[in-house]
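Numbers for residues simply follow the sequence, beginning at 1. Model, not experiment: these values are computed from the prediction.
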Amino acid sequence: MDPGSGNNKTAVAEFILLGLVQSEKLQSVVFVLFLFAYLVTVGGNLSILTATLVEPKLHTPMYFFLGNLSALDVGCITVTVPAMLGHILSHKHTISYEACLTQLFFFHLLAGMDCFLLTAMAYDRFLAICRPLTYSTRMNQAVQWMLVAVSWACAFTNALTHTIALTTLNFCGPNEVNHFYCDLPQLFQLSCSSTQLNELLLFAACFIMAGVAMVLIITSYIHVAAVVLQIHSVEGKKKAFSTCGSHLTVVCLFYGTGIFNYVRLGSVEASDKDKGVGVFNTVINPMLNPLIYSLRNPDVQGALWRVLVGRESLT
């Protein structure tokens, strides 16, 4: 098969995911740890999602976005971890070309949605603290749903663009992906055709999505900080910094690992580091988010307690 022909042709029908470790004993340890992390992540995020739905006290824009973020975290870890656990159990580490593209599409769809949703949450905090008198009208239910819908549309466009662009590449072998899920930087390394346009597209998407989002988030919090510092009440400052601090922690974790992985475009020499970043992106971040948002938030703690023990909500 001629990889340089005009038509898109690929000799690779499936890829081999090398996973995190090669040792059989270590794979058993990885299986237990990741299964535990998956159950904790799904349980924690679904608990927060349930609390935001059933607790009237949490029927506010901030918790509406938090509930959406929890749903995204469940989806993000479900796209990658169950498949990896299945590979360890079956000792079969192959994934079909089509399944690989599907996994890549949904991973970038959910990760892109995460990016836009975190920006919407920063905008919500800006309005709540800096424009309190007009907050209820500027962040009504219609605006909330519009922000979520636009975020989904942008994330879908980004994921579909990268997936279609990847189908233009030829894969003639080798077919070993040095990762535990399919992602763009690792697949670029295996292509026997030029990936220059794909890499430029990925860099441009990262620059637009991450760059613009970070500028908006930073700008929002500069205004928030200026207003909070003028608050004379210590309790008022503490409450404002508490809600904003949780969001900023999640933003730093998300963008820090994402920029490290995609702006570098994953060199062959750094593949093992890419696996570590992948664990943060798909496992650690979704698992930490419920803890970050609940540990310092008495409203969420109270709602979670009432949900777990089955008591009626206290309005």
### Query
Got a donor-acceptor contact below 3.5 angstrom from the Asn289 side chain to the Asn45 backbone?
no
### Query
Is any side-chain heavy atom of Leu166 less than 4.5 Å from a side-chain heavy atom of Phe171?
yes
### Task
Give me the ring orientation class for His179 and Tyr181: parallel if the planes are under 30° apart, tilted from 30 to 60°, perpendicular past 60°.
tilted
### Message
Can you confirm whether Tyr255 is buried at OH, in the sense that more than 12 heavy atoms of other residues, nucleotides or ligands lie under 6.0 Å from that atom?
### Response
yes
Show which side-chain atoms of residues 218-225 pair as donor or acceptor with protein atoms under 3.5 Å away, not counting sequence neighbours.
residue: Thr219; atom: OG1; partner: Val215; partner atom: O; Å: 2.7
residue: Ser220; atom: OG; partner: Leu216; partner atom: O; Å: 2.9
residue: Tyr221; atom: OH; partner: His247; partner atom: ND1; Å: 2.8
residue: His223; atom: ND1; partner: Thr219; partner atom: O; Å: 2.8

## Note on the structure
Of all heavy-atom pairs linking Met121 and Leu69, the shortest is SD-CD2, 4.3 Å
### Message
A side-chain contact here means heavy atoms from C-beta on lying under 4.5 Å apart; do Phe188 and Leu202 qualify?
### Response
yes
## Note on the structure
Ala71 meets the side-chain contact (heavy atoms from CB on, under 4.5 Å) criterion, sequence neighbours left out, with Leu49
### Nearest atoms (heavy-atom pairs only) where Thr282 meets Ile77
O-CG1, 3.2 Å
### Task
Enter the distance from Ser193:OG to Leu169:CG here, rounded to the nearest 0.5 Å.
4.5 Å
### Query
Within a strict 4.5 Å, meaning less than it, do heavy atoms of the Leu109 and Trp152 side chains meet?
yes
### Query
Between Leu85 and Phe34, which heavy-atom pair has the shortest distance, and what is it?
CD2-CB, 3.9 Å
### Message
Restricting to non-hydrogen atoms, name the atom on Pro132 and the atom on Ile129 that form the minimum distance, rounded to 0.1 Å.
### Response
CD-O, 3.7 Å
### Query
What's the shortest heavy-atom distance between Gly112 and Ala155, and which atoms?
C-CB, 3.8 Å
Return a table of donor-acceptor pairs under 3.5 angstrom between the side chains of residues 138-146 and protein atoms on other chains or two or more places apart.
residue: Arg138; atom: NE; partner: Thr134; partner atom: OG1; Å: 3.3
residue: Asn140; atom: OD1; partner: Ala142; partner atom: N; Å: 3.1
residue: Asn140; atom: OD1; partner: Val143; partner atom: N; Å: 2.9
residue: Asn140; atom: ND2; partner: Thr137; partner atom: O; Å: 2.9
residue: Gln144; atom: NE2; partner: Met139; partner atom: O; Å: 3.1
residue: Gln144; atom: NE2; partner: Asn140; partner atom: O; Å: 3.4

### Task
Using the side-chain hydrogen bond (donor to acceptor under 3.5 Å, both in side chains) rule, take Asp183 and His108 through it: C-alpha gap first, then chi angles, then the decisive distance, then the call.
CA-CA 9 Å; Asp183 202 2; His108 280 269; 2.9 Å; yes
### Task
Can you measure from CG (Asn68) to CE (Met113) and round to the nearest 0.5 angstrom?
6.0 Å
### Query
Would you say Asn198 and Leu184 make side-chain contact, with heavy atoms under 4.5 Å?
no
### Query
Under 4.5 Å between any side-chain heavy atoms of Val212 and Phe116, yes or no?
no
#### Entry: Leu201: hydrophobic cluster co-members (side-chain, 4.5 Å)
none
### For Cys76, all residues meeting disulfide (SG to SG under 2.5 Å), sequence neighbours excluded
none
### Query
So how far is it from Leu66 CG to Asp73 CG, rounded to the nearest 0.5 Å?
9.0 Å
### Whether Asn175 side chain and Glu14 backbone form a donor-acceptor pair below 3.5 Å
yes
### Message
Looking at every heavy atom in both Phe65 and Leu147, which two are closest together, and how far apart are they?
### Response
CZ-CD1, 3.9 Å
### Task
Could you list all the side chain to side chain donor-acceptor pair (under 3.5 Å) pairs where at least one residue sits in residues 116-130, not counting sequence neighbours?
Asp124-Tyr135
